[in-house]
Each structure stands twice: as C-alpha cells, then as structure tokens.
Amino acid sequence: MNNSSPADASVGATAGSPADIPDGAPSHCATTVYVPRDSAARSVGADEVAAALQRAATRGDFAVDVVRNGSRGMLWLEPMVEVATPRGRVGYGPVTPEDVDGLLAAGLLDGADHPLRLGLVDELPWLARQNRVTFARVGVIDPLSPRDYVEHGGLAGLRAALALAPADVVAEVTESGLRGRGGAGFPAGIKWKTVLECADELKFVCCNADEGDSGTFADRMVMEGDPFLLIEGMTIAAHAVGASEGYLYIRSEYPDAIATMREAIELARGQGWLGKGVLGSALDFDLHVRVGAGAYICGEETSMLESLEGKRGMVRAKPPIPAIEGLFGKPTVVNNVLTLTTVPTVLANGAKAYQDLGVGRSRGTQVFQLGGNIARGGIVETAFGITLRELIEEYGGGTHTGRPVRTVQVGGPLGAYLPDSLFDLPMDYEAFAEAGAMLGHGGIVVFDDTVDMAAQARFAMEFCAEESCGKCTPCRVGSVRGVEVIDKIVAGTHRDENLALLEDLCDLMTDGSLCAMGGLTPMPVRSALTHFSDDFHGGRRLLEIQPVNATGVRTEGTA
Amino acid sequence: MTTSGSDVTVESVVRRVVADHRGQRGALLPALHAVQAELGHVPQEAVPVLADELNLSRADVHGVVTFYHDFRREPAGRTTVRICRAEACQALGADRLVSYAREAGLTLGETTPDGSVTVEQVFCLGNCALGPSVEANGRLYGRVGPARLGSILNGTV
Ligand SMILES: Cc1cc2nc3c(=O)[nH]c(=O)nc-3n(C[C@H](O)[C@H](O)[C@H](O)COP(=O)(O)O)c2cc1C
Ligand code: SF4
Ligand code: FES
C-alpha cells in the first residue's frame with residue numbers, strides 16, 4: 001500500500017495537528033489519542049471529550065497528542081476514543097467528557113481495562129467483517145495531513161493514472177464495472193468515454209455532493225474523513241476526460257464537510273496535487289467548492305448544473321446529456337462522491353481486483369448506511385450481494401427502541417418501503433429493481449412497529465410537493481393532489497374511488513414526469529399501499545409538514 | 001452584522017461582495033450566500049444591486065432568491081433552530097420535537113415576536129444514525145429528545 005516517494009515523505013509536516021492543540025503541547029513521547037472530528041461524533045459531544053483530554057494534559061498529568069480523525073463509522077459508539085498502543089489502536093466508547101478523568105486514571109493511555117473499553121479497534125467484528133475499499137482510510141488517518149494520506153496509500157491511483165493515456169484510464173474504469181453511486185447506477189466508464197470523445201477545449205468535472213436523501217451520510221463522512229481521496233478521484237477523472245476545471249457542489253447542510261474540503265484543496269494546491277502540472281505531469285487541474293442553498297432537487301444532475309451556473313435549480317430536459325452539453329454548455333462529467341472516491345482504488349489495484357468483488361452486474365463494494373431506528377447505525381462497506389436482513393439484524397442489531405422492525409426504506413425518500421418478507425433480497429441493483437425497489441445511494445432507514453405507513457406515504461407526496469422544481473405538472477400538481485387523496489382515503493371518504501384515483505395519479509406521475517423526483521415518488525407510496533394496506537384505514541396520527549419556506553414565498557409553477 | 005452602522009449600506013455591502021466574487025463562473029449563488037452571511041438575510045434592496053452588478057434581470061435574481069430554502073428575506077431570530085423531519089429522524093420520533101416546540105409557543109418557520117428564536121424544519125442533516133437531529137446556530141446535535149431541545153432553545157446547551 002505504501003507508495004510514498006521520498007519527496008512525498010517530506011511534504012506532510014504542514015498539517016500535523018488541528019488548531020485546537022495548544023502550541024507547545026507535548027508531541028515528543030506523548031501518547032497519540034484519536035477523537036473524531038466527524039460531525040456525527042461532534043453531534044454527541046466529541047469536541048467536549050477532546051477538550052477534556054486537553055485539559056487533563058495541560059494540568060500536566062499526562063502527555064497526549066490529540067488527533068482529530070474521521071469516524072470509523074460505528075456511530076452508536078461515538079464519541080469513540082482510540083489510543084495508540086504497541087499492540088494497536090484500542091477503542092473506548094461512547095465516551096462523555098465526564099468519563100475522561102476516570103478513563104485516564106484507569107490507564108487509558110496504556111489501553112488498560114475499563115467498562116468503556118472496546119478492544120483493538122481493527123479486530124472489532126463489526127469492522128473486521130467489512131470490506132473497506134472506499135472507506136479504508138476514513139477514521140484511521142488525520143484527514144488533513146498530506147503525509148498521513150500518502151503513508152496510507154494515497155496518490156497511488158493518481159500516479160498510476162498519470163502514467164496512462166486518458167483512453168486507457170477510461171478503459172480501466174469501464175473494465176472495473178464501476179457504476180455511479182449517486183442512485184441511477186450508470187457505468188462510470190461509459191460516461192467518461194463520452195466526455196473524452198468531445199473535442200472541446202474546455203471541459204468540467206463536477207462532483208455531486210448534494211446528498212439530500214434521508215438515511216445517507218457516506219458522502220459527508222468521506223469528505224470529512226478523507227478529503228484528499230475525493231480530490232484524487234476528481235483529478236483522475238480530469239486527466240481521463242481532458243478537463244481543466246472541477247466543481248464540488250456540497251449541500252449547505254454540511255458545514256463541516258465544506259470547511260474540510262476547502263482546507264484540503266488549499267493543502268493539495270500547496271503540495272502540487274492540484275494546479276498547474278499536477279505531480280509534475282502535463283495535467284493542469286483546479287478545483288472549486290460551491291455551496292448549495294437548501295433545495296433537494298439540486299441533487300438531480302442537470303438541476304445541480306443550473307445551480308452551479310447561478311440559476312434556479314430547474315431540471316433540464318435530456319438530451320443533450322451533460323456529458324456532451326453540461327456546465328455552461330461544455331462537456332461535463334457529473335459523478336457522485338462515492339463514485340469518484342472509488343476511482344483511485346480501481347487505478348491503484350487494477351480493474352480486475354475491483355471487478356472480482358460483487359455479484360452479477362453490481363461490481364465492487366457498496367457503502368451501506370444504516371440509519372433511523374437502529375441499534376447499531378453507521379457505515380457498512382461490503383461487496384454487493386449481502387442481504388438486507390444481514391445488514392439490519394447482524395450489523396444493525398435490530399431497532400434502537402428494542403421493538404420489532406416493521407419496515408425499512410431503502411434508497412432515500414424516493415425508495416420503496418420493504419416488509420420483512422423482502423429482507424432476504426440481495427443488495428444488487430437488478431434484484432432490487434425486480435422487486436419494485438431501488439438501491440439508490442445505499443441508505444437504509446429502519447422503522448419499528450409504531451410506524452404509520454399511511455403517514456409515510458403521505459409524507460412522500462408532501463415532500464415531493466415541497467421540493468418539486470415546478471417544471472412539470474404531474475410532479476408539481478400531482479403531488480399536492482396525492483396528499484389530498486391520501487387524506488381522503490384515511491378519512492374513509494369514498495375509499496375505493498380514492499384508492500383508484502391514487503393509483504391513476506401514481507401512473508401519471510411515473511409516466512409523465514421529466515425527472516425521477518416526480519417519477520419515483522410513487523415508489524414509496526405504492527410500496528406502502530401494497531405491503532401495509534391496513535394502515536390506510538385511518539386511526540393513526542398523520543404528519544403535517546410546513547408548506548412554505550421560512551420567509552414565506554415559495555414560487556410555484558413559474559417555469 | 002447589521003446595517004445600522006452609519007456608512008454600511010446594503011448597496012455598499014452588495015457591491016463589495018460582488019467584487020469579491022466577480023472572477024467566479026456563475027457568481028450569483030456564492031454572492032447571495034455572502035450577502036446573507038453579512039447581513040443575516042437578503043434584503044429586497046439587494047436585488048436590484050445584484051442584478052445591476054451581475055448583468056442579470058431583477059426577475060432572475062428574485063427568482064433565485066425565492067427558489068432556494070436557505071435565502072431569507074427577513075432577518076432570523078438570534079437563535080435559529082432547525083429540526084430534522086426527514087424519514088430517519090421521523091423513525092426516532094422527530095415529530096415529538098415539533099410538538100414540543102409548538103407547545104412552547106413556537107411555530108415552525110416563524111420568529112418569536114421578541115426576535116429571540118426562529119424554529120424551522122430541515123430535511124436531513126446527514127446524522128441519520130444518531131437522530132433525532134437538530135441544528136442550532138450552525139451546531140449539530142444528535143439524539144435530541146424533547147428535554148434536550150428545551151435546553152437548546154433556552155441556550156443552555
Ligand atoms: C431528485 C433527484 C435527486 C438526486 N440527488 C442526488 C444526490 O443528492 N447525489 C447524487 O450523487 N446524485 C443524486 N441524484 C442522481 C444524479 O442525478 C446523477 O445521476 C448522479 O449524480 C450521477 O452520478 P453517478 O453516475 O456517479 O451516480 C439525484 C437524482 C434525482 C432525480
Ligand atoms: S419531475 Fe418534478 S422535480 Fe423533476 S423536472 Fe418535473 S417538476 Fe421538476
Ligand atoms: S434524516 Fe434527520 S439527519 Fe438524516
């Protein structure tokens with residue numbers, strides 16, 4: 001794995017320690033302690049734990065060097081503290097600031113026993129059973145240390161790519177079988193080939209980091225935990241297709257990812273990993289971060305391009321496809337974060353190694369995200385083909401509330417709600433499509449038996465009404481009608497007629513919508529009706545979402 | 001952060017912001033974010049100035065400001081709390097947080113008359129394994145129950 005050249009080894013000193021380590025903190029013979037800077041870990045107190053450790057250190061009792069790593073993705077154990085020992089990294093979690101003094105007294109810095117001790121982190125079964133490819137470094141390294149990055153195999157893919165002609169890089173990606181991870185599963189190599197074959201002087205690489213689906217957080221975690229990997233992936237794409245500029249469109253809900261990526265880009269420029277003559281090659285490529293403004297539809301690729309151009313995020317009709325006429329009318333690669341962060345591995349280890357993982361036409365690994373009402377939520381990266389039941393029961397440990405699992409929604413708000421009878425479905429694009437479901441971005445949201453499926457179906461329609469770009473009628477108006485019709489069904493008003501009407505409406509939205517927002521909203525609705533029809537007889541309490549944005553105006557239908 | 005300073009007008013802020021972003025392709029969104037970061041919202045007076053500076057029509061700028069949920073046309077409260085209401089947080093009882101806020105006299109999408117708090121809804125903060133999730137003044141909180149939301153609203157967390 002270690003491809004660092006002597007030149008690389010000397011470059012990393014810039015980003016050793018996060019700003020919150022006081023100058024003069026002991027770094028010599030101090031014990032390295034890892035406390036994640038991932039925003040999920042911070043949401044449950046990681047900053048306070050890091051501060052408590054610093055305080056203990058400044059009191060002079062202990063010499064610690066606190067590294068703010070990404071998260072290993074065992075989110076129910078966050079904040080998870082790791083201590084570097086001669087035997088390996090020993091984990092403790094979940095740790096509160098109040099635990100810190102006791103942990104230190106018990107011998108935390110030697111990896112000693114304590115009720116919160118988890119053991120050697122690399123050997124924890126939840127982690128050891130996974131096949132981490134894209135997430136291999138996340139939680140392991142200091143995300144903003146170029147030296148860490150290179151020492152852990154970073155840049156190997158880019159170096160391999162730069163030694164190849166663009167067409168050969170594209171061929172390698174095609175052969176690996178890598179499909180887009182943003183939802184649609186389109187083969188990355190074919191998209192890249194289209195862009196490569198365009199003769200334009202100016203081409204773009206755009207990374208879709210809008211990650212608006214509920215239940216998905218892998219894009220965020222990789223950006224916060226291994227940002228150079230995304231830079232490397234985008235740079236490989238630029239070389240492969242002949243692009244000179246890249247845009248990274250990150251949703252505004254992710255301030256930590258935005259800050260981390262901006263800092264990483266600055267560092268990468270300083271290292272010669274971006275800019276003129278990347279790594280001494282003939283490639284000129286630079287990268288810019290753009291921040292979304294709270295619109296789910298801007299995750300749709302053409303809408304994202306409109307937004308990047310400074311316009312309302314209205315979906316464009318295809319053709320022309322963005323590969324031919326994309327950002328500012330130029331040939332553009334649009335890929336998801338996980339697609340681009342997988343590319344360096346494909347180049348570093350070869351197409352064959354990646355292709356060997358997975359089943360059928362779903363090759364390689366998928367980063368599953370376990371969320372919602374789940375006991376052990378987080379990141380599970382494994383080869384395709386694992387079943388939903390293994391993920392929910394073996395990895396996830398059932399629900400957080402301890403009640404029976406009733407349903408899971410897979411693939412975000414436009415994905416199907418699946419009942420227990422479908423939990424043995426293998427995770428594979430085609431198998432899911434056949435079952436009337438979709439894998440999407442790999443988000444799995446678990447619900448216990450208190451869920452009201454009529455409310456969930458209503459929410460799907462209401463979400464579509466709220467987030468529709470407004471361009472086409474089936475989506476813009478159909479979703480509003482959908483809410484009304486579900487209300488009537490639940491209230492028992494002309495049930496049969498209204499059920500038939502809802503069917504019609506779903507057909508119309510599926511067939512008549514310009515994009516998958518309107519086209520796929522029927523999927524959660526229909527799956528709820530099919531598998532949980534009992535819930536549509538009324539009685540349960542319904543959700544109501546606020547119809548307008550904060551300051552009032554939500555323009556409708558002004559296309 | 002307000003426009004009360006004598007020589008700081010909306011117009012001067014907007015012109016300076018645009019100058020900072022002029023080199024960028026498609027500068028309107030970054031400029032709007034910057035205006036909102038400085039002024040707390042995008043006031044109506046900013047629209048014609050942006051249009052003028054960026055060579056767009058007023059209708060175009062207005063269309064963009066109103067399309068995106070993030071841009072506010074009125075100032076928010078001193079504390080802005082956003083409750084996640086997307087599916088993963090729903091599965092963990094996010095609607096209990098909404099009810100709690102309502103019982104405390106706070107309406108989603110509105111600012112309290114004294115200007116102290118604005119409560120809003122948001123769809124997914126990327127913390128779906130540790131929900132219910134809430135964001136307050138840019139900080140993310142996980143595993144938030146009604147009691148914790150109360151402390152967040154009172155500014156004691
Ligand atoms: C309504 C809608 C929302 C979408 N949201 C996202 C998103 O948040 N992130 C993403 O990568 N792709 C999203 N997509 C898919 C993109 O349009 C596009 O297919 C994808 O970014 C292509 O990248 P890939 O080939 O690497 O998957 C969305 C699609 C639709 C229709
Ligand atoms: S289906 Fe909905 S979101 Fe998609 S283009 Fe039509 S109106 Fe816009
Ligand atoms: S659904 Fe609430 S954080 Fe994702």
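Residue numbering restarts at 1 for every chain, and letters A, B, ... go by the order of the sequence lines. Everything numeric in this text was worked out from a predicted model, so none of it was measured.
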**OP:** Go through the atoms of B/Val122 and report whether side chain, backbone, both or neither lie under 4.5 Å from a heavy atom of chain A.
**Re:**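 Only the side chain of B/Val122 comes within 4.5 Å of chain A.
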**OP:** Please state whether the side chain, the backbone, both or neither of B/Gln24 comes within less than 4.5 Å of a heavy atom of chain A.
**Re:**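 For B/Gln24, the contact with chain A is made by backbone and side chain together.
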Check whether [X] gets within reach of chain B through its side chain, its backbone, both or neither, counting any heavy atom under 4.5 Å.
| X | result |
| --- | --- |
| A/Arg251 | side chain |
| A/Asp38 | neither |
| A/Thr216 | backbone |
| A/Tyr296 | neither |
| A/Gln409 | side chain |
| A/Leu327 | neither |

Between [X] and [Y], what is the shortest heavy-atom contact and its length?
| X | Y | result |
| --- | --- | --- |
| B/Cys128 | A/Gly215 | SG-N, 3.2 Å |
| B/Leu130 | A/Leu75 | CD2-O, 3.5 Å |
| B/Leu29 | A/Ser307 | CD2-OG, 3.3 Å |
| B/Gly138 | A/Pro255 | O-CG, 4.5 Å |
| A/Leu370 | B/Ala129 | O-CB, 3.5 Å |

Counting heavy-atom pairs under 4.5 Å to chain B, which of [options] comes out on top?
| options | answer |
| --- | --- |
| A/Gly443, A/Gly371, A/Ser39, A/Ser214 | A/Ser214 |
| A/Gly396, A/Gly412, A/Ala460, A/Gly292 | A/Gly292 |
| A/Pro413, A/Gly378, A/Ala218 | A/Pro413 |
| A/Met221, A/Gln369, A/Arg220 | A/Arg220 |
| A/Gly377, A/Ala257, A/Ser43 | A/Ser43 |

Original post:
Just by distance, with hydrogens left out, do A/Ser252 and B/Tyr68 show a side-chain donor and acceptor under 3.5 Å apart?
Top reply: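 Looking only at side-chain atoms, B/Tyr68 and A/Ser252 do not form any donor-acceptor pair under 3.5 Å.
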Original post:
So, are A/Glu245 and B/Arg25 salt-bridged, with charged N and O less than 4.0 Å apart?
Top reply: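 Salt bridge: yes.
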**OP:** Determine, for A/Glu48 against B/Arg139, whether the closest basic-nitrogen to carboxylate-oxygen distance falls under 4.0 angstrom.
**Re:**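 B/Arg139 and A/Glu48: salt-bridged.
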Which distance, rounded to the nearest 0.5 Å, do you find between the [atom1] of [X] and the [atom2] of [Y]?
| X | Y | atom1 | atom2 | value |
| --- | --- | --- | --- | --- |
| A/Glu253 | B/Asp70 | CD | CG | 6.0 Å |
| B/His62 | A/Arg312 | NE2 | CZ | 9.0 Å |
| B/Ser133 | A/Phe217 | OG | CZ | 10.0 Å |

**OP:** Find the one option among B/Leu140, B/Val144, B/Leu28 whose heavy-atom pairs under 4.5 Å with chain A are most numerous.
**Re:**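 Of B/Leu140, B/Val144, B/Leu28, B/Leu140 has the most heavy-atom pairs under 4.5 Å with chain A.
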**OP:** For A/Phe463 and B/Arg85, run side chain to side chain contact (heavy atoms under 4.5 Å, CB included): C-alpha distance rounded to whole Å, both residues' side-chain angles, the deciding distance at 0.1 Å, then the answer.
**Re:** CA-CA 10 Å; A/Phe463 184 72; B/Arg85 302 192 75 193; over 6 Å; no
**OP:** Apply side chain to side chain contact (heavy atoms under 4.5 Å, CB included) to the pair A/Arg290 and B/His33, showing each step before the final yes or no.
**Re:** CA-CA 10 Å; A/Arg290 284 297 173 85; B/His33 274 303; over 6 Å; no
Original post:
Which is it for B/Glu87 and A/Phe447 under the side chain to side chain contact (heavy atoms under 4.5 Å, CB included) test, yes or no, and what are the steps along the way?
Top reply: CA-CA 9 Å; B/Glu87 286 87 343; A/Phe447 293 79; 4.0 Å; yes
Original post:
With under 30° as parallel and over 60° as perpendicular, where do the rings of B/Phe123 and A/Phe459 fit, or are they tilted in between?
Top reply: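 Ring orientation of B/Phe123 relative to A/Phe459: tilted.
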